[in-house]
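Quick notes on the structure that follows.
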Protein chains: 2
Amino acid sequence: MANKKRTTLKDIANKLNISPAAVSKAMHDDSRISIKTKEAVKRVAKELNYQPNHLASALRKGKSHLVGVIVPRTNSNFFSSVLENMESVLNKAGYNIIITQSNESFEKECKNIDTLLFTQVDGIIASMANETVDLSHYEKIKSNGIPLIMFDRGENDLNVDYIGINDYESSHIIVEHLVEKGCKRIAHIGGYRRTRIFNNRIRGYVDALKKNNLPIDDSLIIESSLTLEDGRREMERLLELKDRPDAVYVASDYAALGALQVLNENKVNVPKDIRLVGFGNEPFTSLVSPSITTVAQHSKDIGRITAETFLNHASKDDIKQSLNKIILDAELIVRDSSK
Amino acid sequence: MANKKRTTLKDIANKLNISPAAVSKAMHDDSRISIKTKEAVKRVAKELNYQPNHLASALRKGKSHLVGVIVPRTNSNFFSSVLENMESVLNKAGYNIIITQSNESFEKECKNIDTLLFTQVDGIIASMANETVDLSHYEKIKSNGIPLIMFDRGENDLNVDYIGINDYESSHIIVEHLVEKGCKRIAHIGGYRRTRIFNNRIRGYVDALKKNNLPIDDSLIIESSLTLEDGRREMERLLELKDRPDAVYVASDYAALGALQVLNENKVNVPKDIRLVGFGNEPFTSLVSPSITTVAQHSKDIGRITAETFLNHASKDDIKQSLNKIILDAELIVRDSSK
DNA sequence: TATATTTGCTTAATCGATTAAGCAAATATA
DNA sequence: TATATTTGCTTAATCGATTAAGCAAATATA
């Protein structure tokens with residue numbers, strides 16, 4: 001069934017004995033079309049179940065009303081929630097989003113960008129893969145003349161709008177919280193400094209220690225990929241230290257969970273012997289025992305503001321892009337692992 | 001920068017003093033174009049950084065090479081992995097995917113379908129929201145003349161291809177496993193019977209009990225929404241029974257985790273006193289203690305086969321759709337909670 | 001009443017890529 | 001050598017929707 005052709009403006013025009021141009025204008029409530037004609041057009045459009053051909057209008061107008069989104073993965077609560085809110089804002093403005101996953105791979109990220117540019121998106125919103133160091137594929141987006149917006153994971157060098165949380169400040173909040181609980185030797189299992197957000201977390205951690213007159217001990221500052229396995233391995237290393245830390249701030253919930261497993265296995269009492277703080281507020285942090293203190297990243301706001309930033313660009317003709325950071329404050333969620 | 005217009009076929013044609021038609025054919029390696037011309041065209045195309053205008057070719061060819069995908073949520077490991085594999089297969093065949101989330105909402109699902117149809121997708125791949133009972137919006141897809149493929153959560157009534165795991169058989173495997181471990185009173189915290197997959201799991205559970213000559217006890221069969229909270233509440237109810245079960249088969253990992261929390265809080269030894277099995281192989285099942293025995297759903301295969309099924313439809317001109325189920329066997333992953 | 005303005009449409013071109021039809025030159029075959 | 005076929009392109013139409021330009025009729029203004 002249903003192999004009949006789609007209804008076009010021309011079909012409506014023929015039925016009403018007017019020109020397709022008049023039909024197009026009537027559908028868009030042009031002031032130069034009589035109310036009578038408009039009503040007739042809309043009635044017939046409904047009768048024939050007219051669906052505008054988006055491709056044709058996009059081609060003519062030079063806008064596809066599609067926005068490409070690149071995320072490392074969708075299966076984290078953070079990204080999934082960002083996407084949901086981003087989509088809702090963009091849909092209201094008549095844009096649809098094409099979601100792609102880089103799986104933290106540089107190569108996949110390059111491919112995704114090619115794909116999105118090929119699909120003629122009106123803009124790209126991206127959060128960088130961990131692997132990515134070379135930024136030339138992102139420059140390609142800019143030289144294509146469409147807006148590029150980064151969120152959560154960006155790079156200053158790109159000189160585009162960025163929306164994220166205040167990583168530097170988050171580390172302060174975490175350290176202050178642990179100091180308040182009486183901790184004096186706070187370790188940090190962090191990401192690699194070359195990634196902006198992890199560098200900021202490390203800087204925040206160091207500066208917060210200084211502010212509280214605590215000594216900086218390089219053996220307590222660890223860089224890793226922050227997987228669950230990394231968390232396990234680094235926690236084991238920390239436990240072997242002669243002078244064990246009394247708190248560990250881990251820059252990712254997954255690594256924090258790995259650390260917690262090792263602590264539990266070694267019968268180290270959390271939070272009594274060692275307090276633990278993660279980052280990201282992944283759902284499982286509230287599910288394990290003890291539940292893990294962590295930082296919520298305002299995914300809803302990030303999604304919404306990122307979308308609004310794109311719309312702001314899209315409404316302007318000049319595509320002057322510049323570094324424009326919107327930094328949100330993160331929120332500490334205190335749970336059993338640091339109480 | 002970069003406000004210069006995009007390169008078109010015409011630009012290449014002008015530079016080489018040939019017609020745009022020849023350029024188009026050269027780019028597509030038409031056999032009627034000389035090798036010399038092809039080489040020249042490709043060289044100039046590269047020089048001018050030519051990117052074909054996808055909208056124009058889609059309009060002309062009547063194909064957008066876009067596939068719409070609707071999932072309840074992307075933030076589960078299962079859906080995220082399905083999407084990843086689906087995308088990879090479709091990309092290779094020249095299709096891009098537009099991912100949308102229904103958030104388990106019927107209304108959002110309807111909106112997503114409208115959006116995708118408006119975007120002129122060549123087909124829709126969907127997994128139904130829990131809320132959905134009325135199927136008329138799915139019928140709309142079919143009457144649009146584009147293929148509809150369902151996976152994981154479908155309905156026989158739709159009469160379209162369906163790819164999923166063997167829920168009925170999965171329940172058998174789980175029950176057999178528990179019986180083997182000596183369990184005699186196996187409870188089932190399941191989903192609502194109106195959802196096909198949950199109904200199948202319940203039927204499988206009941207039939208497997210019969211097969212093993214175990215009595216069917218209605219107080220041990222519970223229907224719920226299978227959230228973590230549901231798991232907690234229903235486990236509490238089961239613990240209040242005079243005659244407690246010695247095993248609980250929960251039809252979702254989240255609810256299984258809720259059940260596990262209650263068991264741990266009540267100092268019930270898992271697996272000694274009560275064995276526990278979940279469903280879905282969410283990452284956290286291997287992370288909690290004790291780790292939860294669960295069922296893996298072959299997300300990779302489902303993604304791949306779903307994509308291939310679509311491609312199969314797309315390559316044919318006639319859009320005869322019929323109920324065609326591809327059922328994969330699930331795999332039991334035995335962990336500490338049932339050892 | 002004569003001119004200016006507004007209303008309500010039509011005509012024709014356009015967005016780029018594609019393709020059916022066709023033509024001239026080159027090559028193959030009788 | 002004469003005809004048939006192949007090669008290598010061009011011409012022109014097309015996919016639908018949109019829009020600048022413009023025209024005739026209706027209405028407003030002088």
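These figures come from a predicted structure and were not determined experimentally. The sequence lines fix the lettering, A, B, ..., with proteins before strands; numbering per chain opens at 1.
- Among the nucleotides C:dT19, D:dT10, C:dG16, the one closest to any side-chain atom of B:K61 is C:dT19.
- The separation between A:N17 atom CG and C:dT11 atom P is 11 Å, rounded to whole Å.
- Judged by atom type and distance alone, A:K25 reaches the base of C:dT10 through a side-chain donor-acceptor pair under 3.5 Å.
- Between B:T8 and C:dG16 there is no side-chain N or O to OP1 or OP2 distance below 4.0 Å.
- Mapped onto DNA chain D by nearest heavy atom, A:A22 and B:K38 fall at different nucleotides, with B:K38 at the one closer to the 5' end.
- Checking D:dT10, D:dG16, C:dG8 against the side-chain heavy atoms of A:R32 singles out C:dG8 as nearest.
- Under the 6.0 Å distance and 45° angle rule, A:R153 does not count as a cation-pi partner of A:Y162.
- Pairing partner, C:dG16: D:dC15, with both Watson-Crick or wobble hydrogen-bond distances short of 3.5 Å.
- Look at CZ on A:R60: it is 13 Å from P on C:dA13, rounded to the nearest Å.
- In this structure, B:L9 atom CG and C:dT19 atom P are separated by 12 Å, rounded to whole Å.
- Comparing C:dG8, D:dC9, C:dT18 against the side chain of B:S34 picks out D:dC9 as the nearest.
- In this structure, A:T37 reaches the C:dC9 phosphate: one of its side-chain N or O atoms is under 4.0 Å from OP1 or OP2.
- Between the NZ atom of B:K10 and the C1' atom of C:dC15 there is a distance of 10 Å, given to the nearest Å.
- In this structure, A:I18 reaches the sugar-phosphate backbone alone: every heavy-atom distance under 4.0 Å involves primed, P, OP1 or OP2 atoms, never a base.
- D:dG22 is paired with C:dC9 under the criterion used here, namely a Watson-Crick or G-U wobble arrangement in which both key atom distances are under 3.5 Å.
- In this model, the phosphate group of D:dA17 is not approached by any side-chain N or O of A:S57 to a distance below 4.0 Å at OP1 or OP2.
- The phosphate of D:dT18 has OP1 or OP2 within less than 4.0 Å of a side-chain N or O from A:S24.
- Cation-pi geometry between A:R6 and A:Y50 is not met: the NZ or CZ atom fails to fall both under 6.0 Å from the ring centre and inside 45° of the normal.
- Nucleotide D:dT3 forms a Watson-Crick or G-U wobble pair with C:dA28, both donor-acceptor distances falling under 3.5 Å.
- As a whole-Å value, the separation of B:Y50 OH from C:dG16 C1' is 7 Å.
- Rounding to the nearest 0.5 Å gives a distance of 5.0 Å between OG1 of A:T115 and CG of B:N96.
- What separates CE of A:M27 from P of D:dA17 is a distance of 9 Å, to the nearest Å.
- Ring geometry for A:F151 versus A:F78: interplanar angle of 30 to 60°, hence tilted.
- Proximity note for B:H28 (side chain, C-beta onward) versus C:dT18, D:dC23, D:dG16: the nearest is C:dT18.
- The interatomic distance linking A:D30 (CG) with C:dT10 (P) rounds to 13 Å, in whole Å.
- In this structure, A:H65 atom NE2 and D:dA17 atom P are separated by 15 Å, rounded to whole Å.
- Using the six-membered ring where Trp is involved, B:F118 and A:H54 have ring planes that are tilted, between 30° and 60° apart.
- The aromatic rings of A:F106 and A:H137 sit perpendicular to each other, their planes meeting at more than 60°, with 30° as the lower class boundary.
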